[in-house]
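Step one of this worksheet: look at the structure below.
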Amino acid sequence: KQCLCSYSLPTEFGKGVFSNYELNSEVKKLYSSVKITSIADAVEGRVNVTCSNGLMLRCSLRKYPTSSLVSDCITAMAEGLQMCFYSHFVSLLWGDNDPACLCSSSHVDSEWESFSYEISKACTKYERILPTKSSTSSSTAWDFLIDSKYHAQYCKRSPISGTSFLPMSYGTSSIGFPSFLQDEHSSDAAFYIRLMRETLDTLHALYENLKLNVLRKQDLGCLASLLCRVASSLGESSYVDYYCRDFPHNLVDFHSLASATALKTPPCLFRWFENCLHHGCHLSNLDDIPALMCKQKGSAVSWGRKVVSFYSLLLGAERQGSNLSSGVYCEVANGSARNTEELAVLAMVAEKFGRQQLDLLPIGVSLVLRHALDKCRESPPDDWPAPAYVLVGREDLATAKMGSARKETGFGNNDNLTSISVPYMLHLQPVTVPTASDVPTSEVLNSEDTDAVYRSVEDGMEHIFTSTTQLRYGRDLRLNEVRRLLCSARPVAIQTSTNPTASDQDLQQQQLWNFAQRTTALPFGRGAFTLATTYTLLTEALVFPKIILAGRLPAQQNATVNLDLSTRSVSEFSSWAEFHNGVAAGLRLAPFQEKMLRTWIQYNRPSEPNFTHAGLLLAFGLHEHLRVLTMTDAYRYLSQEHDITTLGLLLGLATSHRGTMHPAISKMLYFHVPSRHPSSTPELELPTLLQSAAVMGIGLLYEGSAHALTMKILLGEIGRRSGGDNVLEREGYAVAAGSALGFVALGRGSDAFGFMDTFLDRLFEYIGSKEVYHEKFLNATIAADDQSGNTGQMMDGSQINVDVTAPGAIIALALIFLKGRVRRNCC
C-alpha cells in the first residue's frame, strides 16, 4: 500500500523528452506507441529502461522521502485513508506523469514544499469563488466593530502581523468559500470533500502524535500551517482556531471559512490527559483520542498510542486482552502487578518505552509516568523482568536477575534491557568476553570469572567506570576494551587441549613466560590510562592492584597454572614491574586542592621496604606531594638501605622541588655521586643505579638555572671513566648525566655563558664529530676520575669512548637548544 517506486512512460512521450524541439507528426506517432520492454543495470536509484522501439533511457526512480515529516505524513495517510483516496493521493504526489515534477529536487525542504503544494492543490482543485454577499448594515454590535476602521488599524498595529484571533462574523462579512461545499451532489466534489476530510483527520492524528515529542517542534509548526489550510477550505473553524492557538506567530489569517458554526471539535490528547487526571479514565471523552491511534498495527502514531495506553492503565482502564477500554491497544510484559502503577511499568517494558523515551515527552506528560516509576521503586515484585527493575531504578535487582538468567540459559539476552536503559545503565552489561558467535563455547569464560574481573578484583581502573562515564561514552565500548587489555590482576588464558601431555606442559610454561613479559609491561600503560582520575580518602590506605604471572586453562575448568621460577630468573623483571605498579597507583591520584598530609604518606609506608612503595614515592614526587616531607623523614627512608626505595626518594624529592636548587636536597643528591667526594672520604659502595638517579635528580633540581658549576660537573660525568660498573650501567649513567645537563640549561641555547663555545666543543667531542681534543678538559676529567679511587672492571684509555658518551651528549644538545632553531647544531 505504501509502494511509491513506480515508473511509466508519459502519455506524450515525445513531448516529455523533446520538450524544447518541434516534432513532426510521424515522430509523435512513433513515440506515442512506445512501450517498456525491460529494465536493467540498476545502480542505486538509477536503471536503464529499454523501450519497444529499441530506445534505451537512463531513468532515476523516486526514492522514499528523506524528510522525516513527509515520511510520517505519507505513512499516516497510508494507514488512515481508504484505498481509493490513498491511490488518488499517490497519483497527485507523483505529479500525474508530469516530467517537471519527476525531476524535482530531493532536498528535505523542497520535499515538504512539494507535499504541501499537492495537498493545497487538492483543496482548491474544484474551488470557485461565489459572488460576494452585500450587507448594508451589521446585524449585531460585534459585526459593526469588526467592520469598522478602528479594527482594521488595530490589526495593522498588532505585533502578530495581520493575524486576527477575534471571532469572525459569517452572516454579514465578505467571505469566500468553495462552491463544492454547497454542491454535495456532484460526484467529483463529493469525492474531494471526503478525501480532504479524511486527510484532515489523519494528519491531525499525526499532529497530536508530534506534540508529544519535544524534538519535533519545528515539524509541528510546518504541519500546523498545512492543516490550517485544509481546515479552512473545509470550513472547520474550530480546527483553524485550534492550530492558531498553538502557533499564533507562524500562521497567516485564514478567512475562507465556509460556515458560521464549527462542524466538529478537533481531538486533543492534552485535553484527554487533563480529564483523565481530574475524573479518571472512565469519565473522559474518548472523542479526544484520534481514531488513527485506535487502529492496531499502526506505526505512524505509535508514539502517541503508547502514551495514551500508559495513562489509560495508570488511571483505571479495563483490559480485554491487548485492548483497553479507552479504545487503544497495549502489550503488557509478564509479571505480577499489585496496582495500576506496576501495571503501567510492565506496559512500558513491553512497549520498550524507557528513560530515554521519557526524556522526549513534554515535562508535564512525563511527570505522571515518572511518579508512577518512583512509587514502584521501593518494593517491586520479585517476578519482574530485568528491564522493569532498571526502569524503576533498581539496578541491584536487575543485576541479580541477569545473573540468574545467565546461569539458566548460559547467556543473557540484554537487547530489551539496552533499549530501556541506554544511555544510563550500560554498566550493567560490561564487555568482558567475546560473544558465543565469535569463539567456541568451550573457550568462553563462565559467569563467576566474568564477575571477578570487574567486581571482586581490584584492577586499578574500577573507579573510572561510573555513571558519568556511561553518559559520556554510551554504547562506545572501547573504554571497556582498554580496561580488559590493561588488567594485570587476573590470570591470563592459555589455550590448550582438554587432555594435556608432558609436551603440552612445556608449551604452557613457554606461553606463560611470553605472557609474563607482556603482563609486567601493563602497569606502565595503566598509569597513563588512569592519570589523575581519582581522589582518595586520607583515612584509607592506598590499594595496589596485583600483578598475576600465573595462567588459567579454560579447557580444563579454568585450572590455574603457575610460572615455574626454577627454569628462569624472573625476580628482577618482576621487581621492576612492581615498581612501575606503584608508580601507576600513585599517578591515578589527582593533584589535591590542598597539600597532601605528611601523616598520610607515613601511614602508607610499609613495615618492610619494597618495590611498590618505592614507585609510589616517585609518583608522589611527580605530583609534587613530597614537599611536605622533612629531612628527618628522608633520612628514615635512606636508613633502610633499600636501593630502590632510595632511588624513588631521590627522584621524587628532586621532582617535587624541581627548579628550586634546594640546598638540603642538593647535598643529598651530591652525596650519591662518588666523583664529588673529597679524597679523604672513606670509600662508599654505591650502585651505579643510585648514582644515575642522583645525577638525574641534580638535573631536575637545577632545571633551567644554567648553574655554571653544576653544568661543568655534569659535563665531566658524561665522559667519566668506568668505576666498578658494568657496560650497560656505564652507558645508562652517561645518558642520565647528559639528560641532567640538558635540564640544567634547558632551552638556554648558546647565549648562556662566555665559555659556552668551549663547552659545546666538548659535547661535540663526546659525540665524535671532532678529531682534535682539548687536553685541558680531558686532563681535568681524568684527574676527577682518579680522585674517586675506584678500580674499574673496564679499561678506558686516553681516548673518549664515543659509543658510551654519544647518546648522553646528543640528548644534552637537544635539550639545551630546544626550540632554538640553530641550524649549525642541528647539522
Side-chain angles (χ1 to χ4, degrees), residues 579 583 601 609 614-679 681-720 723-725 729-730 732-746 781 784-785 787-788 790 808 811-812 815:
F579 177 84
V583 176
I601 299 178
L616 182 63
L617 290 176
L618 176 58
F620 285 165
L622 293 174
H623 279 319
E624 298 186 357
H625 293 325
L626 294 187
R627 286 176 175 265
V628 297
L629 292 184
T630 63
M631 295 309 299
T632 305
D633 298 327
Y635 172 76
R636 289 173 181 172
Y637 277 111
L638 295 177
S639 63
Q640 295 178 347
E641 297 183 359
H642 188 257
D643 293 342
I644 304 303
T645 301
T646 303
L647 180 145
L649 180 67
L650 294 179
L651 290 177
L653 288 174
T655 306
S656 293
H657 297 82
R658 183 168 52 93
T660 62
M661 297 188 294
H662 193 284
I665 305 299
S666 178
K667 292 178 181 179
M668 181 188 303
L669 294 173
Y670 274 118
F671 178 79
H672 291 82
V673 182
S675 62
R676 303 308 304 166
H677 293 174
S679 57
T681 303
E683 182 179 345
L684 297 177
E685 294 184 1
L686 293 175
T688 309
L689 186 64
L690 286 184
Q691 299 179 36
S692 302
V695 169
M696 179 62 74
I698 293 172
L700 294 172
L701 188 67
Y702 287 83
E703 178 185 324
S705 64
H707 192 265
L709 180 59
T710 303
M711 294 175 63
K712 287 183 179 181
I713 294 173
L714 295 176
L715 180 63
E717 294 301 317
I718 296 177
R720 191 197 70 173
D725 45 7
E729 291 178 346
R730 174 68 185 91
Y733 184 86
V735 171
S739 302
L741 177 60
F743 283 131
V744 174
L746 183 63
T781 304
D785 292 340
Q787 291 179 3
S788 63
N790 295 330
I811 294 176
L815 293 176

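Smallest separation of non-hydrogen atoms from Leu690 and Leu650: O-CD1, 4.4 Å. A pairwise comparison of heavy atoms in Phe671 and His677 identifies O-NE2, 2.8 Å as the closest pair. Closest approach of Ala654 to Leu669, counting heavy atoms only: CB-CD1, 4.3 Å. Across Ile601 and His625, no two heavy atoms sit closer than the pair CD1-O, 3.8 Å. Scanning both residues, Leu701 and His657, for their nearest heavy atoms gives CD1-O, 3.4 Å. Considering every non-hydrogen atom in both Thr645 and Pro609, the closest pair reads OG1-CB, 3.7 Å.
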Compile the donor-acceptor pairs under 3.5 Å between side chains in residues 734-746 and protein atoms, sequence neighbours left out, one pair per line.
residue: Ser739; atom: OG; partner: Val735; partner atom: O; Å: 2.9

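A donor-acceptor pair under 3.5 Å is absent between the side-chain atoms of Arg658 and the main chain of Leu700, judged by distance alone.
Note that the CD1 atom of Ile644 and the CG atom of Leu618 stand 11.5 Å from one another [nearest 0.5 Å]. Separation of atoms CG (Leu649) and NE2 (His642) is listed at 13.0 Å; rounding is to 0.5 Å. To the nearest 0.5 Å, atoms OG1 (Thr655) and NE2 (His623) are separated by 12.0 Å. Note that CZ of Arg676 and CD of Glu717 are 7.5 Å apart. Values are rounded to the nearest 0.5 Å. Of the inter-residue distances, the one linking Met631 atom CE with His662 atom NE2 reads 7.0 Å to the nearest 0.5 angstrom. Between the OG1 atom of Thr646 and the CG atom of Leu617 there is a distance of 10.0 Å, given to the nearest 0.5 Å.
Taking the salt bridge (Lys or Arg N to Asp or Glu O under 4.0 Å) definition, one finds that Asp633 meets it with Arg598, Arg636, sequence neighbours left out.
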Requested in this report: I would like to know whether Tyr702 and Leu714 meet side chain to side chain contact (heavy atoms under 4.5 Å, CB included); could you show each step before the answer?
Outcome: CA-CA 11 Å; Tyr702 287 83; Leu714 295 176; over 6 Å; no
Query raised in the report: How far apart are the C-alpha atoms of Met668 and Leu638, what are their side-chain angles, what is the distance that settles it, and do they pass the side chain to side chain contact (heavy atoms under 4.5 Å, CB included) test?
Result: CA-CA 10 Å; Met668 181 188 303; Leu638 295 177; 4.1 Å; yes
Requested in this report: Report the C-alpha distance between Leu686 and Val673 in whole Å, list the side-chain angles of each, state the deciding distance to 0.1 Å, and finish with yes or no for side chain to side chain contact (heavy atoms under 4.5 Å, CB included).
Outcome: CA-CA 8 Å; Leu686 293 175; Val673 182; over 6 Å; no
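When side chains are defined from C-beta on, Phe620 does not count as touching Leu629, because their heavy atoms never get closer than 4.5 Å.
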